[in-house]
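See structure below.
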Amino acid sequence: MNFPLTLTVSDRQSMDSELDAAVAAAKAHALTGKSHGILVTRHGVDKFTVALSETVPFGLTREHQAW
């Protein structure tokens with residue numbers, strides 16, 4: 001899986017399940033290098049990005065609102 005992942009969701013239930021799956025995949029990928037944390041950015045009501053970030057310490061997940 002390539003990062004960042006961009007998600008567009010249609011409702012609250014799909015938002016929760018898709019974000020959970022994307023963050024789980026990011027955590028698995030981050031474990032290989034142990035140098036990146038995970039940054040979840042909300043770009044709008046229905047659009048998110050899940051990325052590995054050097055600015056987030058390994059082992060942490062941070063959320064950011066960009067709208």
Side-chain angles (χ1 to χ4, degrees):
M1 193 170 285
N2 294 324
F3 291 92
L5 296 175
T6 300
L7 307 171
T8 303
V9 298
S10 58
D11 55 45
R12 178 67 189 208
Q13 184 178 3
S14 65
M15 178 182 74
D16 290 342
S17 64
E18 290 184 42
L19 281 172
D20 287 347
V23 169
K27 284 181 182 180
H29 197 275
L31 282 172
T32 61
K34 296 186 179 178
S35 62
H36 294 83
I38 298 164
L39 180 62
V40 179
T41 304
R42 186 172 195 160
H43 300 281
V45 174
D46 63 347
K47 190 169 183 177
F48 298 83
T49 302
V50 177
L52 300 177
S53 175
E54 293 178 349
T55 63
V56 178
F58 173 72
L60 295 180
T61 300
R62 292 207 175 129
E63 297 178 10
H64 176 72
Q65 299 284 335
W67 63 299

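Keep in mind that the numbers below use all heavy atoms, side chains included, and drop hydrogens, waters and symmetry copies.
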For K27 and T61, what are the C-alpha separation, side-chain angles and deciding distance, and is it a side-chain contact (heavy atoms from CB on, under 4.5 Å)? CA-CA 9 Å; K27 284 181 182 180; T61 300; 4.1 Å; yes
When you group the ILVMFWY residues by side-chain heavy-atom contacts below 4.5 Å and let the links chain together, are [Y] and [X] in the same group?
| X | Y | result |
| --- | --- | --- |
| L52 | L31 | no |
| F3 | L39 | no |
| V40 | V56 | no |

So how far is it from [X] [atom1] to [Y] [atom2], rounded to the nearest 0.5 Å?
| X | Y | atom1 | atom2 | answer |
| --- | --- | --- | --- | --- |
| L7 | R42 | CG | CZ | 11.5 Å |
| T8 | K47 | OG1 | NZ | 5.5 Å |
| F48 | E18 | CZ | CD | 10.0 Å |

Should we count NE2 of H29 as having more than 12 external heavy atoms under 6.0 Å? no
How about CD on Q13, more than 12 heavy atoms from neighbouring residues, nucleotides or ligands closer than 6.0 Å, or not? no
For T55 and S53, the nearest pair of non-hydrogen atoms, with its separation, is OG1-OG, 2.7 Å
Closest non-hydrogen contact found for H36 with A30 is O-CB, 3.7 Å
Go through the steps for I38 and V50 under the test side-chain contact (heavy atoms from CB on, under 4.5 Å), then give the verdict. CA-CA 7 Å; I38 298 164; V50 177; 4.0 Å; yes
Applying the side chain to side chain contact (heavy atoms under 4.5 Å, CB included) test to M15, which of V45, D20, V9, D46 qualifies? V9
